[in-house]
Amino acid sequence: MASSTPALRVTGLSKSYGATVAVHPASFALRPGSVTGLLGGNGAGKSTTIGMIMGLIAPTAGSIEIFGRDFLQDRYAALGRMNFESPYVDMPHRLTVRQNLDVFARLYGVADPKAKIAELAASLALTEFLDRPSGRLSAGQKTRVALAKALINDPELLLLDEPTASLDPDTADWVRSRLEEHRRRRNCTILLASHNMAEVERLCDRVLMLKAGRLVDDAAPAQLLARYGRNNLEEVFLDVARGRAGAA
Ligand SMILES: Nc1ncnc2c1ncn2[C@@H]1O[C@H](COP(=O)(O)OP(=O)(O)OP(=O)(O)O)[C@@H](O)[C@H]1O
């Protein structure tokens with residue numbers, strides 16, 4: 001893949017549920033190795049957008065290219081090189097953490113599942129939970145298991161839906177460091193939906209703002225601060241949500 005090829009390009013991507021337009025036609029491309037925040041209030045269309053890019057939700061219109069190939073025509077070329085994390089996707093409760101991760105390792109064709117699970121458990125502080133049924137974990141522990149699942153195939157494209165929801169501030173900070181490490185090591189492209197503005201300011205070099213299903217802004221965090229004349233993204237978010245236009 002030429003380095004100029006975006007890791008992800010969506011063109012005119014939209015989703016309607018009957019008369020409800022969850023995502024109006026949106027177009028954007030992500031540079032390999034970049035970290036992009038997807039921001040918007042409740043119901044703005046973040047999860048629907050990520051769900052379409054993962055192949056979990058059929059778009060109403062538009063195209064998705066991943067690593068330069070049409071994802072809607074041939075998703076299998078890309079699926080092995082990408083992964084997804086959401087605190088809302090649960091794993092079978094009776095299987096242990098190790099068993100669940102082993103299923104995913106085999107689905108992704110990981111060469112040495114045992115070694116990979118041990119490595120991820122060590123880096124995500126999960127070793128002591130590996131043999132516990134997944135249903136008997138706290139919300140924060142489940143989030144770390146979900147992250148281990150998301151990293152099991154060393155993805156080059158990672159879609160994260162509120163990756164630190166339910167984590168305490170210390171653990172959330174530490175998980176962000178793991179994500180930054182993975183991005184550096186793999187030159188991984190990350191698209192991150194989050195309600196945590198400090199997280200977005202720390203991790204993201206670009207922010208896409210969704211409002212009621214429409215892409216209303218697309219800029220680097222510093223550009224957004226300048227455009228809205230604000231000191232932090234939380235204030236920009238409130239301006240967008242409450243319909244106060246930016247200075248530009
Ligand atoms: N299966 C569905 N059927 C009908 N409408 C849906 C469905 N899924 C989502 N929607 C609607 O689509 C819109 C976008 O929802 P989505 O879950 O993508 O928002 P979100 O930005 O992820 O919100 P949140 O921050 O609350 O998680 C909302 O109006 C929602 O009610």
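In this chain, residues are counted from 1 in sequence order. Counting starts at 1 for both ligands and their atoms, in listed order.
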> Is the backbone of Val240 close enough, under 3.5 Å, to the side chain of Lys211 for a donor and an acceptor to pair up by distance?
Replying inline: yes
> Would a distance-only check, ignoring hydrogens and angles, find a side-chain to backbone donor-acceptor pair under 3.5 Å from Asn100 to Ser134?
Replying inline: no
Could you tell me whether some N/O pair between [X] and ligand 1 is separated by less than 3.5 angstrom?
{"X": "Glu162", "result": "no"}
{"X": "Gly45", "result": "yes"}
{"X": "Thr48", "result": "yes"}
{"X": "Thr49", "result": "no"}

> Rounded to the nearest 0.5 Å, what separation is found between the CD atom of Glu201 and the CG atom of Asn196?
Replying inline: 9.5 Å
Check each atom of ligand 1 against the heavy atoms of [X] and keep those under 4.0 Å away; list them by number with element.
{"X": "Ser47", "value": "17 (O), 18 (O), 20 (P), 22 (O)"}
{"X": "Ala44", "value": "19 (O), 20 (P), 21 (O)"}
{"X": "His195", "value": "25 (O)"}
{"X": "Gly41", "value": "21 (O), 25 (O)"}
{"X": "Asn42", "value": "23 (O), 24 (P), 25 (O), 26 (O)"}

> Listed by chain and number, what are the side-chain hydrogen bond (donor to acceptor under 3.5 Å, both in side chains) partners of Thr20, not counting sequence neighbours?
Replying inline: none
> Looking at residues at least two apart in the chain, or sitting in another chain, which of them share a side-chain hydrogen bond (donor to acceptor under 3.5 Å, both in side chains) with Ser194?
Replying inline: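 Ser194 satisfies side-chain hydrogen bond (donor to acceptor under 3.5 Å, both in side chains) with Glu199 once adjacent residues are dropped.
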> Counting heavy atoms only, which of Gly43, Ala212, Gly213 comes nearest to atom 29 (O) of ligand 1?
Replying inline: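 It is Gly43 that holds the nearest heavy atom.
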> If you measure from atom 25 (O) of ligand 1 to every heavy atom of Lys46, Lys211, Met52, which option wins on shortest distance?
Replying inline: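 Going through Lys46, Lys211, Met52 one by one, Lys46 has the nearest heavy atom to atom 25 (O) of ligand 1.
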> Taking Phe71 as the fixed residue, which of Glu65, Met82, Arg9 is the one that meets the side chain to side chain contact (heavy atoms under 4.5 Å, CB included) rule?
Replying inline: Met82
>> Working note: Leu38 + Leu210, criterion side-chain contact (heavy atoms from CB on, under 4.5 Å); need CA distance, chi angles, decisive distance, verdict.
In response: CA-CA 7 Å; Leu38 193 56; Leu210 280 173; 4.0 Å; yes
>> Could you report the tightest heavy-atom contact between Leu126 and Arg144, atom names first, then the distance?
In response: CD1-O, 3.6 Å
